[in-house]
Asks: 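Right, I'll just put the structure down here and ask away after.
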Amino acid sequence: MDQINLGIIGTGWCGGIRAEAAYANPLVDGLFIAENREDRLKEISAKCHPAGATTDYRELIANDDISSIIISATPETIHYPMAKAALEAGKHVFLEKPIAITLAEADDLVAISRARGLKFTIGYSQRFNPKYAYIKQSLEDGTLGEPVSALISRHITRSLGKKISGRVKLSPAAMEATHDLDFVLWCLEPAKPVKVYAQNVYRFMRSQGIDAPDCTWIIVTMDNGISFTIGAGWILPEGYPNFSSTTLEMVGTKGALLIDDSHRDVVLNTTEKGIQFPMSSMPGEFVGHVYAGPMAAETHHFIEAVALDRPVLVTPEQARKVMEVYIAADLSADRGEPVSLPLNSSDLSSLAG
């Protein structure tokens, strides 16, 4: 059995999940971790017994025995330099979304990975959600006929919204709707997005001194005439930590599929903490000997892709396209008018300004 040595940079919430999943995977020979918080480094080392642990991620990139790197570090502005260094060192790379902050950075990473024949994929974990996978299957096997439209509404708690918007200036379109943009664009391939119209809502976050939209609603038109709508926000009232609620509709010429991913199927009510919704976060949660959620499956997929030389499910080109769409959504919301794709030099210049 082929095994790999895997490095994980950043072992917070998501990186910790990936580290524990990798530790349990028989295709991983040596697990190496980098975490700049020494207390967290000790905590995750006690759980995963890595072959190497460091506070300096550069040690993992410089280690010739490590073939593959998972980058789960924040803030998102460091994704590009870390991924570039890893790819240039000849490592296969799994990178949490977003792929980069600018399209130029994304294009650079795609070019390096392709030139060097490396596996490079982005963490769009909802492709590994069984309910989403059922939508994809129902389109591919003809159950729904030809796709006509889609509607997705995703919302998380304001505590998560404050945390995310406080560390990086990226909108709900970039940080929340991005998963659903990826999924719907994947379902509708080979159609391509040609027009984006979006609106932001500012009611709560600004009252808290945070310059970020409460939510963003996006309409995307494809080159074959199909259109879909995605709404994403981060101002659900404080409640169960990391709670995420999503509803999905995919309508085709032969049928419609309605998916409830609002996590109201498991309700815990205690005298100490009141109503809680276990297993309700987007990445998922460990439940004893099993993992409830898509992130562990996504991590295993990357490990298998490297160890068994299989293609990755999310290509960097697809991630780049998603990025262009959410950038267009942000531009549209700012301008109050639709934005055409692909983005032109004037659009990119306005972003640089």
Asks: Once rounded to the nearest 0.5 Å, what's the spacing between atom CD of Gln126 and atom CD of Glu298?
Replies: 9.0 Å
Asks: Which atoms form the tightest heavy-atom contact between Ser45 and Leu41, and what is the distance?
Replies: OG-O, 2.7 Å
Asks: Can you tell me how far CG of Leu6 sits from CG of Leu31, rounded to the nearest 0.5 angstrom?
Replies: 6.0 Å
Asks: Got a second to check how far Phe228's CZ is from Leu185's CG, nearest 0.5 Å?
Replies: 4.5 Å
Asks: Does some side-chain heavy atom of Ile4 sit less than 4.5 Å from a side-chain heavy atom of Asp29?
Replies: no
Asks: Got Asn242 and Trp13 here, is their nearest side-chain heavy-atom distance under 4.5 Å?
Replies: yes
Asks: Identify the heavy atoms of Ser244 and Arg154 that sit nearest to each other, and give their distance.
Replies: OG-NH1, 3.6 Å
Asks: Show the nearest heavy-atom pair for residues Trp234 and Ser171, with the distance to one decimal.
Replies: CH2-C, 3.7 Å
Asks: For Ala212, is there any backbone N or O sitting under 3.5 Å from a side-chain donor or acceptor partner on Arg206?
Replies: no
Asks: Could you give all pairs that pass the side-chain hydrogen bond (donor to acceptor under 3.5 Å, both in side chains) test and reach residues 100-117, with sequence neighbours left out?
Replies: Tyr80-Asp108, Lys84-Asp108, Asp107-Arg320, Arg114-Glu317
Asks: Strictly distance-based, threshold 3.5 Å: is any side-chain N or O of Thr121 a donor or acceptor partner for the main-chain N or O of Val314?
Replies: yes
Asks: Could you tell me whether Glu238 and Arg158 have a side-chain N and a carboxylate O separated by less than 4.0 Å?
Replies: no
Asks: Below 3.5 Å, can you tabulate the donor-acceptor pairs from side chains in residues 248-256 to any protein atom, sequence neighbours excluded?
Replies:
| residue | atom | partner | partner atom | Å |
| --- | --- | --- | --- | --- |
| Thr253 | OG1 | Glu146 | N | 2.9 |

Asks: If you count the non-hydrogen atoms of other residues, nucleotides and ligands that lie under 6.0 Å from OH in Tyr202, is the total more than 12?
Replies: yes
Asks: Would you check if the side chain of Trp217 reaches a backbone N or O of Tyr197 as a donor-acceptor pair within less than 3.5 Å?
Replies: no
Asks: Can you tell if the side chain of Ile156 reaches within under 4.5 Å of the side chain of Phe243, non-hydrogen atoms only?
Replies: no
Asks: Any side-chain to backbone donor/acceptor pair from Arg18 onto Ala296? Under 3.5 Å, distance only.
Replies: no
Asks: Answer yes or no: is there an ion pair linking Arg203 with Asp214, defined by an N-O contact shorter than 4.0 Å?
Replies: no
Asks: What distance do Leu331 atom CG and Leu343 atom CG have between them, rounded to the nearest 0.5 Å?
Replies: 6.5 Å
Asks: Could you measure the distance from the CD1 atom of Ile66 to the CD1 atom of Ile69? Nearest 0.5 Å is fine.
Replies: 5.0 Å
Asks: Answer yes or no: is there a donor N or O on one side and an acceptor on the other, between the side chain of Asn5 and the main chain of Gly30, under 3.5 Å?
Replies: yes
Asks: Tell me, with the steps shown, if Asn36 and Thr55 meet side chain to side chain donor-acceptor pair (under 3.5 Å).
Replies: CA-CA 4 Å; Asn36 60 10; Thr55 56; over 6 Å; no
Asks: When you check the gap from the basic side-chain N to the acidic O, do Asp39 and Arg37 get nearer than 4.0 Å?
Replies: no
Asks: Is it true that Met295 and Ile164 fall in one hydrophobic cluster, defined by side-chain heavy atoms closer than 4.5 Å?
Replies: yes
Asks: Hey, is the main chain of Thr11 close enough, under 3.5 Å, to the side chain of Glu35 for a donor-acceptor pair?
Replies: yes
Asks: How far apart are the closest heavy atoms of Cys187 and Leu139, and which atoms are they?
Replies: CB-CD1, 3.7 Å
Asks: Determine whether Lys97 and Asp182 satisfy the following criterion, side-chain contact (heavy atoms from CB on, under 4.5 Å), listing intermediate values before the conclusion.
Replies: CA-CA 11 Å; Lys97 58 86 180 168; Asp182 167 72; over 6 Å; no
Asks: Please check: side-chain N/O of Thr54 versus main-chain N/O of Asp56, any donor-acceptor pairing under 3.5 Å?
Replies: yes
Asks: Would you call Lys136 and Asp141 a salt bridge, taking side-chain N to carboxylate O under 4.0 Å as the test?
Replies: no
Asks: Donor-acceptor pair, distance only, cut-off 3.5 Å: does the side chain of Glu88 make one with the backbone of Ala85?
Replies: no
Asks: Check for me, please, whether Ile219 and Leu181 land in the same ILVMFWY cluster - side-chain distances under 4.5 Å, paths through other members count.
Replies: no
Asks: Show, in sequence, the C-alpha distance, side-chain angles and deciding distance for Ile17 and Thr299, and conclude whether the side-chain contact (heavy atoms from CB on, under 4.5 Å) test is met.
Replies: CA-CA 9 Å; Ile17 292 171; Thr299 304; 5.6 Å; no
Asks: Under a 4.5 Å cut-off applied to non-hydrogen side-chain atoms, are Lys195 and Val339 in contact?
Replies: no
Asks: Are Met282 and Leu95 connected in the hydrophobic side-chain network, where two residues link if heavy atoms are under 4.5 Å apart?
Replies: no
Asks: What is the minimum heavy-atom distance between His155 and Cys215, and which atoms define it?
Replies: CE1-CB, 4.5 Å
Asks: Determine, using ring centers only, whether His92 and Phe120 are less than 6.0 Å apart.
Replies: no
Asks: Tell me, yes or no, whether the heavy-atom count around Arg58 atom CZ, taken from other residues, nucleotides or ligands under 6.0 Å, exceeds 12.
Replies: no
Asks: Would Tyr132 and Asp180 satisfy side-chain contact (heavy atoms from CB on, under 4.5 Å), going step by step from the backbone distance to the final call?
Replies: CA-CA 10 Å; Tyr132 280 62; Asp180 305 303; 2.8 Å; yes
Asks: Compare every heavy atom of Ala177 with every heavy atom of Ala232, then report the nearest pair and how far apart it is.
Replies: CB-N, 3.5 Å
Asks: Among Ile218, Thr246, Thr247, Ile259, whose side-chain contact (heavy atoms from CB on, under 4.5 Å) with Ile152 holds?
Replies: Thr246
Asks: Quick one: do Lys131 and Asp260 make a salt bridge, cutoff under 4.0 Å?
Replies: no
Asks: Examine Ile112 and Met82 and state if one hydrophobic cluster contains both, with Ile, Leu, Val, Met, Phe, Trp and Tyr joined whenever side-chain heavy atoms are less than 4.5 Å apart.
Replies: yes
Asks: Could you check whether any side-chain heavy atom of Phe183 comes within less than 4.5 Å of a side-chain heavy atom of Asn129, counting everything from C-beta outward?
Replies: no
Asks: I want to check something: taking the side chain as every heavy atom from C-beta on, are Phe277 and Asp265 in contact at a cut-off of under 4.5 Å?
Replies: no
Asks: How long is the straight-line distance from CG of Asn269 back to CD1 of Ile275, given to the nearest 0.5 Å?
Replies: 3.5 Å
Asks: When you group the ILVMFWY residues by side-chain heavy-atom contacts below 4.5 Å and let the links chain together, are Val28 and Val306 in the same group?
Replies: yes
Asks: Please test Ser245 against His263 for side-chain contact (heavy atoms from CB on, under 4.5 Å), starting from the C-alpha separation and ending with a verdict.
Replies: CA-CA 6 Å; Ser245 179; His263 301 291; 5.8 Å; no
Asks: What do you reckon, is NZ of Lys162 surrounded by more than 12 foreign heavy atoms closer than 6.0 Å?
Replies: yes
Asks: Any donor and acceptor pair, going by atom type alone, linking the side chain of His79 with main-chain N or O of Ala73 inside 3.5 Å?
Replies: yes
Asks: Decide yes or no for Ile8 and Phe32: does some side-chain heavy atom of the first lie under 4.5 Å from some side-chain heavy atom of the second?
Replies: no
Asks: Does Glu189 have more than 12 heavy atoms from other residues, nucleotides or ligands lying within 6.0 Å of its CD?
Replies: yes
Asks: Verify, without hydrogens or angle tests, whether Ser332 (side chain) and Glu337 (backbone) share a donor-acceptor contact under 3.5 angstrom.
Replies: yes
Asks: Are side-chain heavy atoms of Ile70 and Ile9 found at a separation under 4.5 Å?
Replies: no
